[in-house]
Number of protein chains: 2
Amino acid sequence: MDTSFDIESFFNKFSCDCKKAQRKTFSKNQVITTYIQKRNQLCILLSGHADLVRYDLNGNRTIVEHFSKNALFGEVFYQVTTNNELLVEARSSCTVLFYIYDQLKEPCTKNCEFHSTLSEHLPELILNKITDLNTRIELLTQRSTRDKLLMYFSLISTRKLSKTFELPFSLTDLADYLNVDRSAMMRELKLLKEDGLVEKIGNRIILLYE
Amino acid sequence: MDTSFDIESFFNKFSCDCKKAQRKTFSKNQVITTYIQKRNQLCILLSGHADLVRYDLNGNRTIVEHFSKNALFGEVFYQVTTNNELLVEARSSCTVLFYIYDQLKEPCTKNCEFHSTLSEHLPELILNKITDLNTRIELLTQRSTRDKLLMYFSLISTRKLSKTFELPFSLTDLADYLNVDRSAMMRELKLLKEDGLVEKIGNRIILLYE
DNA sequence: TTTTTTCTGTTGCATAAGTCACATATTATT
DNA sequence: AATAATATGTGACTTATGCAACAGAAAAAA
């Protein structure tokens with residue numbers, strides 16, 4: 001998520017005196033939070049990468065959302081509908097700001113600069129979240145595994161402004177993100193290579209079309 | 001979407017003097033808007049039902065989102081990634097409020113009551129939109145057609161607080177919404193009936209489990 | 001009303017995609 | 001450096017889902 005406003009460096013300069021925010025760091029694979037209704041938690045990812053992951057009763061794992069710098073997450077945004085486990089897991093080492101949504105909304109009595117600036121930028125951050133979610137839906141509504149792969153590659157390619165890029169996921173995770181079986185995805189990836197649409201060197205993807 | 005705040009009746013009482021909003025009505029199947037980047041349009045559905053529909057090059061139709069009373073939509077929320085057509089179509093007769101997002105943000109000079117009240121309630125409306133999108137993702141990440149149907153039924157059932165309910169979609173539309181082939185969905189629906197999980201009388205679904 | 005259009009329900013068939021299983025490569029951990 | 005753990009790559013087999021086609025029902029238009 002690319003925002004002109006860099007929350008992390010801003011937070012470092014004007015740390016929040018009002019004590020409404022908690023800042024924590026996490027190492028890879030640690031659980032950042034779980035989604036349990038009622039707490040109304042709102043989190044901001046200051047640095048690193050994290051995933052919202054769902055484990056269902058059949059042992060299937062789904063990466064519901066992927067978060068990078070400046071992303072918002074937390075159960076304020078979530079109506080927990082199923083009784084599946086929903087965890088946010090750190091994909092790399094992460095720094096996270098924890099808020100209670102209702103406290104964030106009401107004006108800060110201490111009038112600390114960080115708090116007011118964050119409120120000012122909140123609409124922008126939220127709009128980014130919504131477009132991310134809509135893009136996620138576009139991806140998931142692709143009909144075939146091939147279409148999902150091609151759209152996913154194209155998204156990263158335009159974001160990186162290059163036909164060559166590193167995958168931010170392992171292939172196992174990518175399958176869980178695209179909601180397809182891993183071995184089926186591998187097969188399709190091979191076909192894409194055979195059809196001369198894609199090249200893959202280690203973790204690096206090269207798009208050969210257009 | 002159930003909000004305590006009813007925009008429609010409020011708008012009727014204190015109609016917006018500042019002329020920033022345009023209110024229009026649409027009849028069934030009319031195109032309310034198309035998603036073209038740059039205009040930054042934000043729309044509010046005051047009454048009726050509408051769908052965001054995508055037509056791809058193979059003639060496939062996808063219902064990307066379904067909107068009901070108080071729903072927000074428009075291209076502010078959308079990063080148009082593919083070159084597919086994206087239309088919002090009225091499913092029933094609709095009343096829609098059109099805004100330009102940037103104008104909505106800045107404080108109203110005329111200080112009209114509607115405008116300020118809307119701004120006040122905007123965070124709540126936006127939060128609803130985000131939880132809707134997340135629920136949509138939950139639905140789309142169900143693995144099988146059966147799971148999609150069961151989750152969809154369960155969502156409506158909890159919303160209506162009843163194991164018996166009318167489908168707000170035709171079966172053709174439902175298939176486009178669940179992103180599955182219609183005849184495959186019909187087959188699965190038959191199996192659900194045969195397994196004694198669901199009963200269907202006309203447009204009415206009865207859940208038989210739990 | 002009659003006619004036309006769209007929706008529902010069902011089938012046979014083709015194929016995309018899931019399941020299982022295993023070998024090798026790569027990455028963590030001790 | 002040795003061992004364990006996890007990720008990648010691939011193949012044989014099964015199954016779910018897509019596709020095409022059609023008849024009857026329901027809804028919309030004439």
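The figures that follow rest on heavy atoms only: side chains count, while hydrogens, waters and symmetry mates do not. In what follows, chains are A, B, ... by sequence order, proteins preceding strands, each numbered from 1. Keep in mind that this is a model prediction, so the values were computed, not measured.
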Worksheet item: Taking only N and O in the side chain of S144(B), is any of them less than 4.0 Å away from OP1 or OP2 of dA16(D)?
Response: no

Worksheet item: Just by distance, with hydrogens left out, do D132(B) and T135(B) show a side-chain donor and acceptor under 3.5 Å apart?
Response: no

Worksheet item: the helix from dT1(C)-dA30(D) to dT30(C)-dA1(D): angle between its terminal axes, five pairs each, to 10°?
Response: 60°

Worksheet item: Rounded to the nearest Å, what distance is computed from the CG atom of residue N29(B) to the C1' atom of nucleotide dC7(C)?
Response: 13 Å

Worksheet item: Is any side-chain N of the basic residue among R143(B) and D56(A) closer than 4.0 Å to the acidic one's carboxylate O?
Response: no

Worksheet item: Between the side-chain atoms of R187(A) and the base atoms of dA17(C), is any donor-acceptor pair under 3.5 Å?
Response: yes

Practice prompt. Would you kindly say whether T164(B) and R204(B) are connected by a side-chain donor-acceptor distance under 3.5 Å?
Written response: no

Item to complete: Please state whether the phosphate of dG9(D), meaning OP1 or OP2, lies under 4.0 angstrom from any side-chain nitrogen or oxygen of K200(A).
Response: yes

Worksheet item: Could a donor-acceptor pair under 3.5 angstrom be found where the side chain of R182(A) meets the base of dG18(C)?
Response: no

Practice prompt. Assign K193(B) to base, sugar-phosphate, or nothing according to its heavy-atom contacts below 4.0 angstrom with the strands shown.
Written response: nothing

Worksheet item: Judged by modelled atom types alone, do Q41(A) and T33(A) share a side-chain donor-acceptor pair under 3.5 Å?
Response: yes

Item to complete: Return yes if the base of dA20(D) and the side-chain atoms of S183(B) contain a donor-acceptor N/O pair under 3.5 Å, otherwise no.
Response: yes

Discussion item. We want to know whether S27(B) and Q30(B) form a side-chain donor-acceptor pair, criterion being a heavy-atom distance below 3.5 angstrom.
Written reply: yes

Worksheet item: Please give, in whole Å, the distance from dG11(D) P to L191(A) CG?
Response: 11 Å

Worksheet item: Would you say the side chains of T95(B) and R23(B) form a donor-acceptor pair under 3.5 Å?
Response: no

Fill in: Check: D176(B) side chain, I63(B) main-chain N or O, donor-acceptor pair, under 3.5 Å
no

Discussion item. Rounded to whole Å, how long is the line connecting atom CG of D176(B) with atom C1' of dC19(D)?
Written reply: 15 Å

Could you list, one pair per line, each protein nitrogen or oxygen that sits under 3.5 Å from a nitrogen or oxygen of nucleotides 27-30 of chain D, together with the distance?
none

Item to complete: Check whether any side-chain N or O of K190(B) sits under 4.0 Å from OP1 or OP2 of dT8(C), and answer yes or no.
Response: no

Practice prompt. Calculate the interatomic distance between D181(A) atom CG and dG9(D) atom P; express it in whole Å.
Written response: 15 Å

Practice prompt. Please say whether the positively charged group of R136(A), taken as NZ for Lys or CZ for Arg, lies over the ring of Y177(A), i.e. under 6.0 angstrom from the six-membered ring centre and within 45 degrees of the axis.
Written response: yes

Discussion item. Counting only heavy atoms not in E166(A) (residues, nucleotides, ligands), do more than 12 fall under 6.0 Å from its CD?
Written reply: yes

